[in-house]
Amino acid sequence: MGTKFSEDVVPLSELKINPGRVVKHVVEAHRPVLLTSRGRGVAVVQSLTDYEQAEDEREFMRAVVIGLADLKAGREVFLAEAKARLGLK
């Protein structure tokens, strides 16, 4: 998801004039748009679907990192023991 500066940087004044175009762009391009004011970045607009997907991916990666840290620290449980603790067969 590389940024295309010619398309993905939008001045706030353009957002005020045509917000629908900006929203349509982020939905169709699957890239966030950087909003600028006086040439400086002030906010990012991203489609809800892309935001939710990115959050799910971040949450998964956090869980993987925690799991790897648990393994490294010796905090592991064999499947049979986990099933027994949970009352599963």
Option passing side-chain contact (heavy atoms from CB on, under 4.5 Å) with Val33 (candidates Glu14, Glu7, His25): His25
Test log, rule side chain to side chain contact (heavy atoms under 4.5 Å, CB included), inputs His30 and Thr49: CA-CA 9 Å; His30 296 284; Thr49 302; 5.8 Å; no
Are [Y] and [X] connected into the same hydrophobic cluster when the rule is that any two of I, L, V, M, F, W, Y join if their side-chain heavy atoms are below 4.5 Å apart?
{"X": "Leu68", "Y": "Met61", "answer": "yes"}
{"X": "Val26", "Y": "Val44", "answer": "no"}
{"X": "Val23", "Y": "Leu12", "answer": "yes"}

Sidechain N-carboxylate O distance under 4.0 Å for Glu55, Arg58: yes
First locate atom [atom1] of [X], then atom [atom2] of [Y], and finally report the distance between them rounded to the nearest 0.5 Å.
{"X": "Glu57", "Y": "Arg62", "atom1": "CD", "atom2": "CZ", "answer": "11.5 Å"}
{"X": "Gln46", "Y": "Glu52", "atom1": "CD", "atom2": "CD", "answer": "10.0 Å"}
{"X": "Leu79", "Y": "Leu88", "atom1": "CG", "atom2": "CG", "answer": "9.5 Å"}

Over 12 foreign heavy atoms within 6.0 Å of CZ, Arg75: yes
Val45 and Leu35: CA distance, side-chain angles, deciding distance, side chain to side chain contact (heavy atoms under 4.5 Å, CB included) verdict: CA-CA 7 Å; Val45 177; Leu35 299 176; 3.5 Å; yes
Over all atoms of both residues, closest heavy-atom pair of Asp8 and Pro32: CB-O, 3.7 Å
Least distance between heavy atoms, Ser37 atom then Val42 atom: CB-CG1, 3.8 Å
Worked verdict on Arg85 versus Val77 for side chain to side chain contact (heavy atoms under 4.5 Å, CB included): CA-CA 10 Å; Arg85 287 184 188 182; Val77 177; 3.9 Å; yes
Gly39 backbone acceptor or donor facing Thr36 side chain under 3.5 Å: no
Pair Lys89-Lys83, side chain to side chain contact (heavy atoms under 4.5 Å, CB included): steps then yes or no: CA-CA 6 Å; Lys89 293 182 181 183; Lys83 285 182 175 181; over 6 Å; no
